[in-house]
Each structure stands twice: as C-alpha cells, then as structure tokens.
Amino acid sequence: MIDKDSGLHIPEHVGIIMDGNGRWAKKRALPRSVGHKFGAQNFRKITRYISKTGVKVLTLYAFSTENWKRPLEEVSALMSLFKQYLVDSLTDFREDDIKVVFIGDKSAFDPKLRELIQESEEVAKDRKGMLLNIAMNYGSRDEILRAVKMIANDVKEHGLDPESITQNDIESRLYTAGLPDPDLIIRTGGEFRLSNFLLYQSAYSEFYSTETLWPDFHEEEFDKAIMEYNQRNRRFGGV
Ligand code: FPP
C-alpha cells in the first residue's frame, strides 16, 4: 500500500476517467448496467483508498455531457446507481473525512438526484480530508463556454476591460476554481484520449492509460500508476 510515508512523490491532484464498465460486463455475458453497478462499487472503494495515500484532490469523471446519447435504459440505470451509491457513500466518506463536491451542470438531473447531490455536499462541507470532485453532466467545452459567457457578461455589465483579461480570469470561472491543476490523469479501459475531461486544466498533466477495466481497477492498479508517475520528468515547458 502506498501512503504518505512510502517515499514516493504523491500527486496533489489526480483525475480519473472511469472507462470500461460495459466491456467488463460484456466479457461476462452480463448487461452493461451490471458493469456500471460493479463500477460504482469500485468508485466507493478506490476513493477511500486514494484518500489515504496523501492525494489532496481526486476528480472522477462519472457522467459526461455527451453520455445522454446512450440508450435511455442505460442512462436510467446510471442515474439509479448514482442515487444509491451517493446514499451509501455518505457514511463511508464521513469515516474517511472526504469532502464531496459535484462539478458539472446539475440542472439536468431529476429533483431527487439534485437533492441528494446537495445533501452530500452539505454534510461534507466542513471536512478536512481529501476533496472528491465528482464530475457529473460535466464536459470541458461546456465548462469553458460557461466561463466565456461570464466574462462576456462582466465586460458588458461591469465594465471589465477586454485587454485586462488574464488566464486567472478564466481559471477562476471554471468548476475547479482555486484548485491545483491535475498532476496525473488516469484512464482505465485502454483508450488514449481525454473525452472532454479537464481540457483546460490538463495542459501539463501526466497521462496514464491502463488496459484494466474500471471495475477491476483496484488498489494495486492505483499504486502502479503512482510508480509510473514517479518515473516521469515533468518540465512544464522548460528544459
Ligand atoms: C464508462 O464505461 C463509464 C461510465 C459512463 C459511468 C461511470 C460511472 C460509474 C463508475 C459509477 C460512479 C458512481 C458514482 C456514484 C459517482 P463505459 O460504459 O463507456 O464502458 P465501455 O467503454 O466498456 O463501454
């Protein structure tokens, strides 16, 4: 087990694209929704483990702005899982002092899910442990567009001078305002793409892709990603 005392450099902010639930189920001749169920169980378990490793911020991609295109049956199964696992993790995450925040456009969710989201954030707001950002109905392009609209409004209504706009003005209007950029982005399921996840924030993130499907991404798999991260030479555009 990796922890603060293992002598390794622990990334401050880790992002994870949890991919491969469908293939995991297919391999077992099970419906895709069962893959998501196991994926959701893993979400609960691995989050608790990561919170003990010294990672300060964990951002998990649970549902993208594009995932609504999936068959209605699958979207409904995912929404039910979100509800169930949010309730279950209210207790777990309290024990681990994990602070939960949701990023993305929550207005698209049904009232029950919105209520649960609000409750999960409210009960966790004073916690001092790891910050868990759950990206739901999140898309980076949408996030950037939202920031651009806020800036345009400040130009129009509040006399903001376009020439004075800085990167900081953009960053402070993203969902991740005030947080460090992700140091490491992990994608399970073998693909090498960001799929509209933290596009602005990942300018200098290290990318780690593993063939392991999300329901099988257990503690040792996370440790492997950290070992690999420790081999990387981060130059941030310098030499
Ligand atoms: C991608 O696998 C996974 C998702 C779209 C859903 C991820 C959600 C969870 C793991 C549940 C998390 C639960 C909470 C409460 C936040 P895929 O369906 O694209 O897999 P495939 O590429 O094999 O088809």
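Everything numeric here is computed off the predicted structure, so don't read it as measured data. Both ligands and their constituent atoms are indexed starting at 1 by order of listing.
- The N/O atoms of Y61, backbone and side chain alike, include none that comes under 3.5 Å of an N/O atom in ligand 1.
- If you look at E191 next to ligand 1, there are no close heavy atoms at all, none under 4.0 Å.
- Close approach of ligand 1 to Y85 is summarised as follows: ligand atoms under 4.0 Å from at least one heavy atom of the residue are 15 (C).
- The aromatic rings of Y49 and F222 sit perpendicular, their planes meeting at an angle over 60°, well past the 30° parallel limit.
- When only non-hydrogen protein atoms are considered, atom 17 (P) of ligand 1 lies nearest to D19 OD1, 3.5 Å.
- With ring centers used as reference points, W68 lies under 6.0 Å from F63.
- Within ligand 1, the atoms closer than 4.0 Å to a non-hydrogen atom of R23 are 21 (P), 22 (O), 23 (O), numbered from 1 in the order shown.
- Scanning the protein for heavy atoms near atom 4 (C) of ligand 1, the closest one is H36 CE1, 3.9 Å.
- Listed by number with element, the atoms of ligand 1 under 4.0 Å from a non-hydrogen atom of R32 are 17 (P), 18 (O), 24 (O).
- For the ligand labelled ligand 1, residue K26 lies outside the 4.0 Å heavy-atom shell.
- Numbered from 1 in the order shown, with element, the atoms of ligand 1 that lie under 4.0 Å from a heavy atom of A62 read 6 (C), 7 (C), 8 (C), 16 (C).
- Of the heavy atoms in I134, only side-chain atoms (C-beta onward) come closer than 4.0 Å to ligand 1.
- The ring-ring contact (aromatic ring centres under 6.0 Å, His included) test applied to F102 returns no partner, not counting sequence neighbours.
- Nearest-heavy-atom check against atom 15 (C) of ligand 1 across F217, F43, F102 picks out F43.
- At a heavy-atom distance under 4.0 Å, only side-chain atoms of N67, from C-beta outward, approach ligand 1.
- At least one donor-acceptor pair under 3.5 Å links the side chain of T188 to the backbone N or O of D19.
- Remark: side-chain polar atoms of K128 are paired, donor with acceptor, to backbone N or O of D126 under 3.5 angstrom.
- Side-chain contact of Y200 with S202: a donor-acceptor pair under 3.5 Å is absent, judged by distance alone.
- Taking distance alone, with nitrogen or oxygen atoms compared against 3.5 Å, N21 approaches ligand 1 more closely than that limit.
- Residue contact annotation: G20 has a non-hydrogen atom under 4.0 Å from ligand 1.
- Listed for the S64 side chain is a donor-acceptor partner under 3.5 Å among the backbone atoms of N67.
- Side-chain atoms of D96 do not come within 3.5 Å of backbone N or O of I98 as any donor-acceptor pair.
- Distance alone, capped at 3.5 Å, is enough to place a donor-acceptor pair between the N196 side chain and the S140 backbone.
- R44 does not count as a contact of ligand 1, since none of its heavy atoms falls under 4.0 Å from the ligand.
- Against a heavy-atom cut-off of under 4.0 Å, W214 is close to the following atoms of ligand 1: 10 (C).
- How far CZ of R146 is from CG of L174: 8.5 Å, rounded to the nearest 0.5 Å.
- Side-chain contact of D169 with T166: a donor-acceptor pair under 3.5 Å is present, judged by distance alone.
- The protein non-hydrogen atom at the shortest distance from atom 3 (C) of ligand 1 is M18 O, 3.1 Å.
- Note: no N/O pair closer than 3.5 Å links L78 and ligand 1 by distance alone.
- Nearest protein heavy-atom neighbour of atom 19 (O) of ligand 1: R70 NH2, 2.8 Å.
- A distance-only check finds a donor-acceptor pair linking the side chain of E143 to the backbone of Y175 [under 3.5 Å].
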